Amino acid sequence: MPSKPLHIKATKITDAFWSREIDLIRDAVIPYQWDALNDRVEGAEPSWWMHNMKAAARAIAARKAGRYTPKNKLPFIVATPQESETPLDDEFYGFVFQDSDGYKWLEAVAYQLMRCPDAALQAEAQTAIDAICAAQEDDGYLDTCYTINNRDRAFTNLKDHHELYCFGHLVEAAVAWHQATGHDDLLNAAKRFGRCIAAKFGPGLERGCPGHEIAEMALFRLFEETGEAEWRDLANFFLDVRGTAPSTFALEENKARAAQGQAELPVTTERYQYYQAHIPVREMKEAVGHAVRQMYLCSGMADAARENNDAAMLEACKRLWQSTVRQKLYVTGGVGGKHEGEAFSRAYDLPSDTAYSETCAAVGLVFFARRMLQMIPDSPYADVMEQALYNTVLAGMALDGKSFFYVNPLEVDPKACETDGRLRHVKPVRQKWFGCACCPPNIARLVSSLPAYMVTTEDNAAYIHLYIGSELQLSLGGQNLRVKMDANLLRDGKIDISILEGEASGTLSFRIPAWTRNAKIHAAGKTQTTENGYCRLNGVWRTGDTVQLDFPMPIRMLTANPLVRETEGMVCFARGPLVYCAEEKDNGKDLYLLRAQPEKLDDAQVDQIETANLPLPVLKIPVRRVQTKADAPLYQDWTAEETADTVVTLIPYFAWSNRGKGEMRVWLH
Ligand code: FUB
Ligand code: ZN
């Protein structure tokens with residue numbers, strides 16, 4: 001039987017590190033982003049979110065009054081006014097998926113409200129919801145780009161435009177808002193848009209599926225929330241039609257070409273790998289195309305496998321998982337090696353300096369992993385989920401919560417980023433905001449909903465996947481248990497569990513992390529077995545019972561499969577869930593000259609620095625530095641390199657670029 005994530009309301013995070021992160025989202029990111037959505041952040045790219053919502057409401061009123069003239073152009077990015085120009089009230093500005101930014105913000109707000117009611121924040125969010133509801137058309141259609149520009153052309157470019165993507169984010173926000181406040185205004189708006197979509201697409205109707213996935217997993221969530229089968233059916237339809245012949249994307253594309261007098265292209269699915277629409281989903285074997293899309297699709301497929309008990313779908317999920325983690329995963333838990341198409345590259349192509357590794361793709365990997373864990377509690381899923389979370393997801397946000405990375409490289413030389421076109425996408429410092437602002441609110445909604453990734457429960461069993469200091473309300477066999485988990489993985493791997501209240505019989509399963517060695521688990525009076533990387537403790541749990549988990553966290557020196565050409569002959573360092581990197585600030589320039597000394601690993605030490613009021617564990621590792629001579633020729637006869645012993649200071653990857661601009665690298669020769 002699949003397990004369910006623990007409800008956010010059933011968890012209180014007490015972890016020194018993570019409660020700081022979640023508070024940061026509430027205190028810094030959410031207010032900042034609200035200002036951004038309202039275009040009040042000086043010096044940052046405008047969001048146009050509120051502007052577009054209001055413009056859509058105006059367009060609806062104008063249409064009703066017979067004063068609406070459709071605009072002919074529907075480009076992917078609608079030109080935004082120059083600084084000197086005044087924005088026009090009836091224009092849509094920004095990317096076609098601009099609506100989704102506000103939906104993600106609302107979702108993050110909802111999770112924060114579940115954690116801690118806040119009347120002022122709720123009222124602010126309500127103004128966003130009111131704006132959304134006012135931008136919804138009478139038939140339920142809700143996408144400001146088309147409402148403003150040309151409603152008659154709605155759903156004519158599912159491949160590249162994002163109506164179904166925005167719908168997916170609307171649903172995610174609506175469910176979260178409903179759970180947080182009990183209000184159904186946003187939920188009703190989402191359902192009305194859902195019915196408008198379902199009246200057009202489905203068995204016996206038009207064939208079509210999202211060009212950018214997310215609606216699939218959102219619809220399963222809506223189904224779970226409401227029990228209304230229509231949402232599950234729509235999700236299933238979108239998954240089943242994807243990649244099947246005749247290609248709906250090809251047909252759509254040919255219609256557009258014909259309208260412009262261009263010749264038709266063959267109606268094949270082959271050219272739609274970028275959208276994961278090249279083959280039917282149950283036949284998929286390799287993670288390909290746009291990385292965020294692929295991860296969101298995998299999450300929807302995993303939901304379908306679980307909800308429909310679909311064995312073929314589950315097998316496809318397992319194959320896509322293996323392709324991702326065995327051949328295409330950065331050591332930092334990021335995915336997507338290619339800038340071109342923000343995409344997965346070929347197997348083992350994981351460049352460090354030109355990496356894409358979009359923050360959203362790592363967020364998507366966390367979604368996928370949790371869904372796999374719900375069906376198969378096998379520790380590698382949780383190991384990867386933790387790897388993505390502690391490294392790439394967190395790296396996406398500055399320690400003060402005020403700037404963000406979209407791209408997460410593993411090697412940076414600011415000079416090169418600023419002068420070399422091949423590295424144009426790589427930024428050495430986090431940005432205040434982005435014209436395409438998908439990543440910051442994705443971090444906000446994931447981190448705010450952290451409890452949903454820590455524990456999953458089924459009948460009389462609970463699986464503890466992530467060790468994050470907290471108080472948990474568990475239900476085992478229908479009996480309640482209040483459980484305290486004392487943990488702080490930034491410090492060490494000692495975790496104390498105690499039952500604060502209740503009595504229940506069942507199994508508590510604790511993941512044995514891949515990063516530990518010689519784990520020790522102590523629990524009096526419980527039967528202990530180990531299965532799929534989880535230590536399963538079975539018995540009757542009563543107030544006062546305790547479990548001590550001792551997961552030693554040695555400094556580990558990692559190497560990649562030699563097929564990863566980029567890192568052949570290199571190592572990197574990790575401790576616990578954290579992957580480390582060297583920064584210029586601690587180690588000077590030309591970090592590529594550092595040479596690891598595997599034989600001296602025993603002399604490596606853990607130390608601590610404090611930055612942004614956060615004590616950070618750092619590593620001090622003996623290395624050698626290759627000596628350079630200013631007047632040396634470019635080439636000469638080979639002689640052994642001259643090196644000098646030194647100690648490199650490594651900081652957690654997630655914390656890089658918080659102390660000014662400089663070089664950074666994860667892998668050392
Ligand atoms: O297309 C919507 C989002 O914008 C994608 O997920 C990101 O990769 C960015 O392209
Ligand atoms: Zn993104």
Side-chain angles (χ1 to χ4, degrees), residues 29 33 36 45 47-49 52 74-78 94-105 107-108 143-145 157-170 172-173 209-218 249 272-277 287-300 333-345 355-368 388 392-397 403-409 424-427 430-447:
V29 181
Q33 199 177 342
E45 296 222 33
S47 150
W48 305 111
W49 187 84
N52 290 339
L74 266 167
F76 189 65
I77 311 173
V78 180
F95 285 84
V96 286
F97 47 84
Q98 218 73 0
D99 292 2
S100 61
D101 293 347
Y103 301 156
K104 288 188 204 169
W105 178 80
E107 192 185 335
D143 184 285
T144 63
C145 184
N157 188 354
L158 293 186
K159 181 168 69 67
D160 296 310
H161 285 193
H162 283 52
E163 291 148 297
L164 299 180
Y165 169 84
C166 290
F167 165 67
H169 276 300
L170 171 65
E172 294 273 348
C209 64
H212 191 315
E213 302 89 335
I214 191 185
E216 302 81 353
M217 66 170 136
F249 290 164
Y272 301 110
Q273 224 185 51
Y274 169 86
Y275 310 85
Q276 300 79 38
V288 292
H290 185 268
V292 184
R293 283 171 163 88
Q294 176 72 80
M295 290 296 101
Y296 285 9
L297 172 63
C298 288
S299 305
V335 286
K338 266 202 313 192
H339 171 216
E340 188 194 2
E342 309 182 302
F344 277 100
S345 186
Y356 205 70
S357 183
E358 181 179 342
T359 307
C360 286
V363 169
L365 179 57
V366 172
F367 295 162
F368 182 25
T392 298
V393 172
L394 279 183
M397 183 171 78
S403 57
F404 306 89
F405 277 137
Y406 185 125
V407 163
N408 295 281
R424 216 184 351 250
H425 60 289
V426 179
K427 304 284 177 239
R430 292 176 183 80
Q431 311 289 290
K432 277 175 136 187
W433 202 247
F434 307 89
C436 169
C438 49
C439 299
N442 235 354
I443 304 172
R445 71 188 183 116
L446 175 61
V447 173

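Because the structure is a prediction, the values reported are computed rather than measured. Whatever order the structure lists them in is the order used to number ligands and atoms, beginning at 1.
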Item to check | Side chains of H169 and R445 in contact at under 4.5 Å (non-hydrogen atoms) | outcome: yes

Item to check | Qualifying residues under side-chain hydrogen bond (donor to acceptor under 3.5 Å, both in side chains), relative to S345, sequence neighbours excluded | outcome: D349

Next on the checklist: Once side-chain contact (heavy atoms from CB on, under 4.5 Å) is applied, do any residues pair with A218, and if so which ones, sequence neighbours excluded?
Outcome noted: V171, E172

Checklist entry - With a 4.0 Å cut-off on heavy atoms, is C438 touching ligand 1? => result yes

Item to check | Which of the ligand 1 atoms, numbered from 1, are nearer than 4.0 Å to a heavy atom of E358 | outcome: 7 (C), 8 (O)

Checklist entry - Got a donor-acceptor contact below 3.5 angstrom from the H162 side chain to the Y165 backbone? => result no

Checklist outcome for this item: Taken by chain and residue number, the protein N/O/S atoms under 2.8 Å from the Zn ion (ligand 2) read E358 OE2, C360 SG, C438 SG, C439 SG

Checklist entry - With a 4.5 Å limit on heavy-atom distance, are the side chains of F344 and Y356 in contact? => result no

Next on the checklist: Suppose I only count heavy atoms of Y406 and a 4.0 Å limit; which atoms of ligand 1 are within that range?
Outcome noted: 7 (C), 8 (O), 9 (C), 10 (O)

Next on the checklist: Is it true that Y296 and Q276 share a donor-acceptor pair across their side chains at a distance under 3.5 Å?
Outcome noted: no

Check residues 209-217 and write down every donor-acceptor pair under 3.5 Å in which the side-chain atom is one partner and the other belongs to a residue at least two apart or another chain.
from: E213; atom 1: OE2; to: R242; atom 2: NH1; distance (Å): 3.1
from: E216; atom 1: OE1; to: I214; atom 2: N; distance (Å): 3.0

Checklist entry - Where the side chain of S403 meets the backbone of K432, is there a donor-acceptor pair that is under 3.5 Å apart? => result no

Checklist entry - Relative to ligand 1, is C436 under 4.0 angstrom through side chain, backbone, both or neither, heavy atoms considered? => result side chain

Next on the checklist: Can a donor-acceptor pair be found, under 3.5 Å and without considering hydrogens, that links the side chain of T359 to the backbone of P440?
Outcome noted: no

Next on the checklist: I want to confirm something. Looking only at heavy atoms, which of H161, H212, H162 is nearest to atom 5 (C) of ligand 1?
Outcome noted: H212

Next on the checklist: With a 4.0 Å cut-off on heavy atoms, is Y165 in contact with ligand 1?
Outcome noted: yes

Checklist entry - For ligand 1, which atoms have a heavy atom of E342 less than 4.0 angstrom away? => result 7 (C), 8 (O), 9 (C), 10 (O)

Checklist entry - Just by distance, do the side chain of R430 and the backbone of A395 share a donor-acceptor pair under 3.5 Å? => result yes

Checklist entry - Against heavy atoms of V292, which atoms of ligand 1 measure under 4.0 Å? => result 6 (O), 8 (O)

Item to check | Y296 and ligand 1 - part of the residue with a heavy-atom distance under 4.0 Å | outcome: neither

